[in-house]
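All remarks here apply to the structure that follows.
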Amino acid sequence: MLREGFPALNEFIDIESALAQAVASLEPVSESPRLDAELLLARALDVSRSYLFAHPEDTLDPAASERFFSVVDRRAAGEPIAYITGEREFWSMNLMVSPATLVPRPETELLVERALMLIPRKANMRILDLGTGSGAIALAIARERPLCEIIATDASAEALAIARQNARQLDVANVVFHHGNWTDPVRGQQFNLVVSNPPYVRADDPQLKTLRHEPASALASGSDGLDAIRHIAATAADTLTDDGTLMLEHGSEQQQQVADILRRCGWTEIECVSDYAGLPRVTVARPAK
Ligand code: GLN
């Protein structure tokens, strides 16, 4: 099959030209077309990115060319690069991802960073991660704090399969994954810290169209985007010790609404933390005594 603008399969094309053609077709959908093209070509050729820089005039054989341009097509159709490569880096871990999991975002590293500030290095605290997805937050904390016991829940069995595989791959033994909604699987248990990156996008947010390859259940949460946060605010206190802490990621324009929801549910010491771009992203609260 010939694609317009792409080389015929019996034509040999060199690395630099292949990259240039891919960049042209990725420019409309990607903020990093060159990086995307390099990552995809390195995989198609099974070489490192630095090999590409060192050998720009190497030619691609027709099979490699087909492999490369077919994934460029997928990316050009809006599929996240992480789903094509099957992995995404988060907190220096190479995490496996699939369309059943949200692609871990760099902004979620702020939540991990703030959580670690509350967990002394030698502490053996119990930590709960609600809606763990690929396991990004739970695994990052587990690796940084090996004496802690982390329980992570998710309503998606497919997502949990990925999270468990990530734990095996990273040799993390102090996380246990449970299938179920939010705190349901841990009813009656108590934790020192509850963390979550719940869905928080408004159901009618036009942004969801560009995120259509990712699971809607991990992104959208009712007409104002706050259904999941309301649910967690109403239920998470039962799973916390009296001196425990709740930590939630949310949209940068939801700071006030999140604080109001928490206050109405009886939470105290509500505090919002901003990311490096100065955007309020994580809210911390404590249960009423
Ligand atoms: N930060 C994500 C985005 O807006 C949303 C993640 C989420 O809903 N938890 O792309």
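Just follow the structure's listing: the first ligand is 1, and inside any ligand the first atom is 1. Side chains included, hydrogens not; waters and symmetry mates left out as well; all remaining heavy atoms used. For clarity, every value in this text was computed on a predicted model and none was experimentally measured.
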Got a list of side-chain donor-acceptor pairs under 3.5 Å for residues 129-141, not counting sequence neighbours?
| unit_1 | atom_1 | unit_2 | atom_2 | d |
| --- | --- | --- | --- | --- |
| D129 | OD2 | T132 | OG1 | 2.7 |
| D129 | OD2 | A138 | N | 3.4 |

Could you go through residues 253-265 and list every donor-acceptor pair under 3.5 Å that involves a side-chain atom there, pairing it with any protein atom two or more places apart or in another chain?
| unit_1 | atom_1 | unit_2 | atom_2 | d |
| --- | --- | --- | --- | --- |
| Q254 | OE1 | G251 | N | 2.7 |
| Q254 | NE2 | Y200 | O | 2.9 |
| Q256 | NE2 | D260 | OD1 | 3.4 |
| D260 | OD1 | R263 | NH1 | 3.2 |

List ligand 1's nitrogen or oxygen atoms that come under 3.5 Å of a protein nitrogen or oxygen, with the partner atom and distance.
| unit_1 | atom_1 | unit_2 | atom_2 | d |
| --- | --- | --- | --- | --- |
| ligand 1 | 1 (N) | E107 | OE2 | 3.1 |
| ligand 1 | 1 (N) | Y200 | OH | 2.9 |
| ligand 1 | 4 (O) | Q207 | OE1 | 3.4 |
| ligand 1 | 8 (O) | Y200 | N | 3.2 |
| ligand 1 | 9 (N) | N197 | OD1 | 2.8 |
| ligand 1 | 9 (N) | P198 | O | 2.8 |
| ligand 1 | 10 (O) | R105 | NE | 3.4 |
| ligand 1 | 10 (O) | R105 | NH2 | 3.0 |

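Residues forming a salt bridge (Lys or Arg N to Asp or Glu O under 4.0 Å) with E269 (at least two apart in sequence, or on another chain): R286.
In this structure, R75 does not pair ionically with E27, as no charged nitrogen and carboxylate oxygen lie closer than 4.0 Å.
Annotation: Q169, atom CD; neighbour count of heavy atoms from other residues, nucleotides and ligands within 6.0 Å does not exceed 12.
When each of L60, L19, T59 is checked for a side chain to side chain contact (heavy atoms under 4.5 Å, CB included) with I13, only L60 meets the rule.
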